[in-house]
Amino acid sequence: MGTLVGSQRIFSRLVKKSFISGLHHVSSGTAPPWGVRGLSVSNASPGFGLLFDIDGVLVRGRHPIPGAAEAFRKLLDRDGKLGVPVVFVTNAGNCLRQERSEELSQVLGVQISPDQVILSHSPLQMFPQFLEKCVLVSGQGPLEDVAKDLGFRNVVTIEAMRQAYPLLDMVDQSRRPRSGAAISVSLPAIEAVVLLGEPVRWETSLQLILDLLLSAGRPTEWSAPPPYPHIPILACNMDLLWMAEAKTPRFGHGTFLLCLETLYRKITGRELQYEALIGKPSPVTYNYAEQLILRQAMERGWRNPVRTLYAIGDNPMADIYGANLYNRFLQSRCRDSPGPHSCQSVLVCTGVYSYQGEVPSDPQESVTQTVFHGHRDFKFDPSLVEASHVVRDVGEALELILEKEGWRRSQES
């Protein structure tokens, strides 16, 4: 599915699945009638949820962004727990949720649960038809652990494939096999490719992934012309760039995808097709976040239905585009439907987007960029990269949101 329309079809099918069937009572206000200790009675059940990006909003690389921890204290109840439903939505994916939640807990000084962390690959659990297939996983970090945590049963890594077929990886001369190296055929046919994040050796991953796409998953069995459509690809994280400690943004997984797409088109004359694109700005990821927000509200016993989502991010092409795209979906959903009615985008200037000069006094002032850094399958629409609000940092973002919602901690001692 090489267009946004194709991605929307996947999303439409997913939201009809049974994983949201039990949420009607969650968002209709029928949760148990207890409040949150330490909050004023009228504010004990917040009617909104918060979606935070991490890199460029809360941290830059391994360093906390100044003021982030202080800002989060505004959300705590008297027991030191978050008084509103919160999830952290990041396009990072080369780790486990447990690791990321522990890092956030330390940075923010608030206990963050793994269930509050959405990594780029977390929504892969919504594609059970692939969990039993033999899949190649690409990325870095604990790939096999990540894949198994997601439910995949039969996983092959790039390194395992390279060892099984030593004659395929030939760019780095120092890694070329000695003459006479045999080709192993011990691996089963690869039935799908799962791209979890940017790999370390791009030339190796690009070569081996293309070998699979051009051979129907059997790199020792070639046919002419190459099979089309190729075996399914599920890609996580479309960010072209991301913000770390360097002064300018760094390459993201979207850059790797661009290389893969370009090579495939150059070799075959056809477009690379994705079974699914996951991670921001995909509506699949935002719908997954919505479900976790509603689940938190139910588990905490908050009675007010969650009607507004606020997505706070630093990347117009991922965070803002995705939030605005999901807002369109929510606006098209029946007003009587349970769950949020809107998703407002809040752009901070501490990461990929850095406003040149003063932050506009009007938080709705235009920040449209002339160069589209979004993924090929998400067509450029200027209105989708226009944030609902533009603020300096996460502290100002929370001040704005809490003011709009009329939500304040009780000043009772």
Side-chain angles (χ1 to χ4, degrees), residues 38-39 43 46 48-92 100-113 116-118 239 241-250 280 289 308-316 318-320 323 344-365 367 387-411:
L39 301 179
N43 294 331
F48 63 99
L50 302 175
L51 284 63
F52 288 93
D53 182 27
I54 299 177
D55 295 296
V57 175
L58 304 176
V59 299
R60 287 185 67 167
R62 297 181 180 274
H63 302 291
I65 288 178
E70 292 78 3
F72 262 74
R73 295 195 187 108
K74 301 173 185 178
L75 302 177
L76 301 182
D77 61 22
R78 290 178 58 190
D79 294 327
K81 298 179 180 180
L82 290 169
V84 299
V86 169
V87 294
F88 301 87
V89 188
T90 175
N91 271 350
R100 201 64 168 171
S101 66
E102 291 173 358
E103 292 173 2
L104 285 170
S105 297
Q106 184 175 4
V107 166
L108 299 175
V110 180
Q111 186 60 44
I112 304 300
S113 163
Q116 292 177 279
V117 177
I118 301 175
D239 285 354
L241 303 168
W242 70 288
M243 200 72 201
E245 291 97 337
K247 296 296 184 181
T248 56
R250 304 292 86 194
K280 298 175 294 187
T308 305
L309 300 176
Y310 293 93
I312 304 167
D314 69 306
N315 190 333
D319 304 305
I320 304 308
Q344 296 197 26
S345 54
V346 183
L347 180 64
V348 299
C349 303
T350 51
V352 169
Y353 178 78
S354 180
Y355 194 85
Q356 301 301 313
E358 295 297 319
V359 175
S361 57
D362 180 357
Q364 296 183 344
E365 186 174 320
V367 295
S388 305
H389 309 280
V390 185
V391 295
R392 189 177 305 279
D393 55 27
V394 68
E396 289 191 8
L398 287 179
E399 288 180 7
L400 172 71
I401 293 167
L402 298 184
E403 183 68 28
K404 284 176 61 66
E405 292 293 330
W407 191 93
R408 283 290 184 269
R409 288 192 305 163
S410 171
Q411 300 302 313

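The structure displayed is predicted, hence computed values, not measured ones.
Of the options Val110, Thr90, Val117, a side chain to side chain contact (heavy atoms under 4.5 Å, CB included) to Leu104 is made by Val117 and by none of the others.
The structure places CG of Leu400 at 8.5 Å from CD of Gln344, a figure rounded to the nearest 0.5 Å. In this structure, CG in Leu241 is found 7.5 Å from CG in Asn315, a value given to the nearest 0.5 Å. One finds the CG atom of Asp239 at 4.0 Å from the CG atom of Asn91 (value rounded to the nearest 0.5 Å). One distance of note links CZ of Arg250 with CH2 of Trp242; it measures 9.5 Å at 0.5 Å rounding. Distance CG/Leu309 to CZ/Phe48: 11.0 Å, rounded to 0.5 Å. The distance from atom OG of Ser105 to atom CD of Gln111, rounded to the nearest 0.5 Å, is 4.5 Å.
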Working note: Leu82 + Phe72, criterion side-chain contact (heavy atoms from CB on, under 4.5 Å); need CA distance, chi angles, decisive distance, verdict.
CA-CA 8 Å; Leu82 290 169; Phe72 262 74; 4.1 Å; yes
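Counting heavy atoms from C-beta outward, Glu405 and Tyr310 have side chains that approach closer than 4.5 Å. Annotation: side chain of Arg73 is not in contact with side chain of Leu108 (no heavy-atom distance under 4.5 Å). Residues Phe88 and Ile118 form no side-chain contact, since every pair of their non-hydrogen atoms from C-beta on lies 4.5 Å or further apart. Side-chain contact check for Leu76 versus Lys81: every heavy-atom pair is 4.5 Å or farther apart. Taking the side chain as every heavy atom from C-beta outward, Leu398 and Leu75 approach each other to under 4.5 Å. At a threshold of 4.5 Å between non-hydrogen side-chain atoms, the residues Ser113 and Ser101 do not count as touching. Looking at Val391 and Leu347, their side chains never come closer than 4.5 Å, going by heavy atoms from C-beta outward.
Shown here for Val87 and Ala289, the closest heavy-atom pair between the two residues is CG2-CB, 4.2 Å. Scanning all heavy atoms of the two residues, the minimum distance from Pro316 to Ile320 falls at O-CB, 3.4 Å. Asp77 approaches Asp79 most closely through the heavy-atom pair OD1-N, 2.8 Å.
Residues that satisfy the side-chain hydrogen bond (donor to acceptor under 3.5 Å, both in side chains) test with Ser345, not counting sequence neighbours, are Asn324, Ser388. Glu102 meets the side-chain hydrogen bond (donor to acceptor under 3.5 Å, both in side chains) test with Gln98; sequence neighbours excluded. Partners of Ala69 according to the side-chain contact (heavy atoms from CB on, under 4.5 Å) rule, which considers only residues two or more places apart in sequence or in another chain, do not exist here.
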Mind listing the side-chain donor-acceptor pairs of residues 49-68 below 3.5 Å, one per line with the distance, residues two or more places apart or on another chain?
from, atom 1, to, atom 2, distance (Å)
Asp53, OD1, Lys280, NZ, 2.9
Asp55, OD2, Arg100, NH2, 3.1
Arg60, NE, Ala244, O, 3.3
Arg60, NH2, Ala246, O, 3.2

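The environment of CD in Glu70 is crowded: more than 12 heavy-atom neighbours from other residues, nucleotides or ligands sit within 6.0 Å.
In this structure, Asp314 contributes its side chain and Thr350 its backbone to no donor-acceptor pair below 3.5 Å.
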